[in-house]
Each structure stands twice: as C-alpha cells, then as structure tokens.
Chemist: 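Sharing a structure below in structure tokens format, with a few things to ask.
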Amino acid sequence: MDGAADDFTEAVLDLVERIPPGRVMAYGWIAAALGHGGPRRVARVMSAYGGGVPWWRVTTGGGRLPPGHEEEARRRLLSEGAVFRGPRVLMAASGWYPEELPDPRG
DNA sequence: GGAATGACGATAA
DNA sequence: ATTATCGCCATTC
C-alpha cells in the first residue's frame, strides 16, 4: 500500500467535487490540473471511488460520456443545463477548468 | 518480471 | 464518422 496513492485519489475526488453543475471536466484535464499522473490514472480512481462525487461531470477529452453510464450521465447533465451536441457534451460551452490553475488550452 | 487490462488520448487510414 | 494502433500509467494475474 502506498499513502501517496490515497493522496492522489483524494486530490482527484476533491477536484471533481468542485466542478460546478452543468459543467464538465475531462480525465486528461484533471490529470493536467493535478500536475501528475495521467488520464488512465484518473479514470481508475473514478471507477473505484467515483461513487462519492458527481462523476457524471467527468467526461472524456471529446465530451464523450463514461462508457457504461452514458444514460445516467446524460440525464444528469441535461438536468443541470449542460450543452449537448448529439451524444457528446460541448466542451467549448460546458467545459470547465479551475481558474486558479493554468489552462492547458492556452 | 512479463502480459493483460482499463470510466483515456492522439493520430493514421 | 468509424476502426485500428500506439503511448501512457497503475493495477492485477
């Protein structure tokens, strides 16, 4: 076991919890915001511990909903006012990024 | 130690 | 738009 692993998990969950309603963040964004790890690492955390946070506000880089939970996530996001474009979320409109951190998009 | 796997991402065809 | 392939990173077998 590794204490640092729990630390990373906690950081991911904390960041996901502060995503505003109707907004979404990508796995890669979260990894970039935390400064280490990777998209797969974040996805693993969500898969295991995402049940305690608004996991539906986390999507793939293209606005794709989490596989196996598309129905659920889509329903929730629509309810929160997220902008959809077919089966995906418009990251340009509903994408969110912590203002206190540098934006990877430039 | 090596192969397989996964709620990913980017690129090529 | 869709499929295929590779890279990434930690976990699991």
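Worth saying up front: this structure is predicted, and the values here are computed from it rather than measured.
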Chemist: Is there a donor-acceptor pair closer than 3.5 Å between any side-chain N or O of Arg23(A) and the backbone N or O of Gly95(A)?
Modeler: yes
Chemist: In whole Å, what is the span from the CG atom of Leu34(A) to the P atom of dC9(C)?
Modeler: 14 Å
Chemist: Check whether Thr9(A) reaches the backbone of Val45(A) with its side chain - one donor and one acceptor, N or O, closer than 3.5 Å.
Modeler: no
Chemist: Might you work through the side-chain contact (heavy atoms from CB on, under 4.5 Å) test for Ile19(A) and Val58(A), ending with a clear yes or no?
Modeler: CA-CA 9 Å; Ile19(A) 301 176; Val58(A) 182; 4.3 Å; yes
Chemist: Take nucleotides 5-12 of chain B nucleotide by nucleotide from the 5' end and write B, S or -, depending on whether a protein heavy atom sits under 4.0 Å from the base, only from the sugar-phosphate, or from neither.
Modeler: -BBBS---
Chemist: For side-chain contact (heavy atoms from CB on, under 4.5 Å), just list the numbers for Trp56(A) and Glu80(A), CA-CA rounded to whole Å, side-chain angles, deciding distance to a tenth of an Å, and then say yes or no.
Modeler: CA-CA 11 Å; Trp56(A) 56 88; Glu80(A) 293 178 351; 3.1 Å; yes
Chemist: Report yes if the side chains of Arg76(A) and Pro54(A) come closer than 4.5 Å at any heavy-atom pair, otherwise no.
Modeler: no
